[in-house]
J.: 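Got a structure here, written out as structure tokens. Questions coming.
For ligands, and for the atoms within them, numbers begin at 1 and follow the listed sequence. Positions are given from 1 along the sequence.
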Amino acid sequence: MWSFVRSVSLASLIASSVVSAQLSFVASIQQAGKDVEVPNLDFIRKPAQGHRRHASRNHHGYHQDNKAEERDVTSYSSNWCGASQHTTPSDGISNIIGYFTVPDLKLRPGIPAPQFAAAWVGIDGAECNSTLLQAGVTTIVNSDGGQSASAWWEWYPEASFTIDGLKVKPGDWMAVNITTKSTTAATIVITNSQLGTSVTIQVNNGPKLCRQDAEWLVEEFYDSGKQVALAQFADLWFVDSEATTVGGKTIGFDSATMVALQDDDGKVLCQGEPYDNTNFVIVSK
Ligand SMILES: *[C@@H]1O[C@H](CO)[C@@H](O)[C@H](O)[C@H]1NC(C)=O
Ligand SMILES: *[C@@H]1O[C@H](CO)[C@@H](O)[C@H](O)[C@H]1NC(C)=O
């Protein structure tokens, strides 16, 4: 069995950057679970802009209504919609899994193209101020309605890496599985379930995680310091998805915080809606 392993040295990728990154990773690609050779597997580094970080209306990733005792609390964010779950510092998040579709976009009327939506799962996007480990897909829709999508991963505040060589298109079912081996090491597996192709990335020396919360979401992310225009999108389900703690506790969507994205005028653009403990849907408005 031929095993393909590509090692990417961040130091060489960011030779001109001032970031003194120590993060390193090795990656491999699997077809139906078996290592294969894909000559064009590559990771395109994007500047560490801090986009995809949850911007907030207060100092947290979201603020809560005063209904903490209710199931499926609704919160509001200025840049994301979906679900968030929390754990105690003594039993941190060790794994998050999300099965979801690549955003299928439609132009939002009255707003210039191109428009975007990113769907991803992550650890520490809400309450941990220093870092965020995330992987998912971004779709762009142009003025003629044409779409293109790409998969990526990012360990904020380090750079984001677009995965060249993993084909994705709107509507494809994806599986993202992030496992933390420690607060600074993780394995990310991104699978296009439609094609049976997975990319496995083993990362070391990442920024220290809090492992406090887990998120499944759609984001109106930042690019070059500016928030992109959020397109409308087909209902985006997360199915059979969950997080697991270091102590082995399974965390689903029961009692998750459902988050709605509200623009500056108070208009809701998308929101997480509860379904059951392992499934929920993000609805575009
Ligand atoms: C993040 O920052 C906020 C506001 O400064 C603070 O209240 C909160 O405790 C911080 N969270 C962590 C995990 O440090
Ligand atoms: C998630 O990834 C971890 C680490 O690679 C692996 O041990 C685990 O079996 C995966 N889980 C699923 C559901 O694929």
J.: Mark whether atom 14 (O) of ligand 2 lies under 4.0 angstrom from at least one protein heavy atom.
T.: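 Given the 4.0 Å limit, the answer for atom 14 (O) of ligand 2 is yes, a protein heavy atom qualifies.
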
J.: Around atom 4 (C) of ligand 2, find the nearest protein heavy atom and jot down its residue, atom name and distance.
T.: T179 OG1, 3.7 Å

J.: Atom 10 (C) of ligand 2: which protein heavy atom is closest, and how many Å away?
T.: N177 ND2, 2.4 Å

J.: Is the distance between the ring centroids of F25 and W155 less than 6.0 Å?
T.: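 Not under 6.0 Å, so no.
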
J.: Regarding Q147 and D104, is there a side-chain donor-to-acceptor distance under 3.5 Å anywhere?
T.: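 Checked: Q147/D104 side chains pair up, N/O donor to acceptor below 3.5 Å.
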
J.: Mark whether atom 7 (O) of ligand 2 lies under 4.0 angstrom from at least one protein heavy atom.
T.: no

J.: Does a donor on one side chain and an acceptor on the other come within less than 3.5 Å for T197 and Q31?
T.: yes

J.: Side-chain donor-acceptor pair under 3.5 Å between D124 and T131, yes or no?
T.: no

J.: Is N192 reaching over with its side chain to a backbone N or O of K167, donor-acceptor style, under 3.5 angstrom?
T.: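 At least one qualifying donor-acceptor pair exists.
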
J.: Which atoms of ligand 2 have any heavy atom of T187 under 4.0 Å away?
T.: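 In order of numbering, the contacting atoms are 5 (O).
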
J.: State whether the shortest distance between N or O atoms of N95 and N or O atoms of ligand 2 falls below 3.5 angstrom.
T.: no

J.: Just to be sure I read this right, does ligand 2 sit under 4.0 Å from the backbone of I97, its side chain, both, or neither, counting only heavy atoms?
T.: side chain

J.: Among F238, W216, Y275, which residue meets the ring pair (Phe, Tyr, Trp, His ring centres under 6.0 Å) test with F253?
T.: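 The single option meeting the ring pair (Phe, Tyr, Trp, His ring centres under 6.0 Å) with F253 is W216.
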
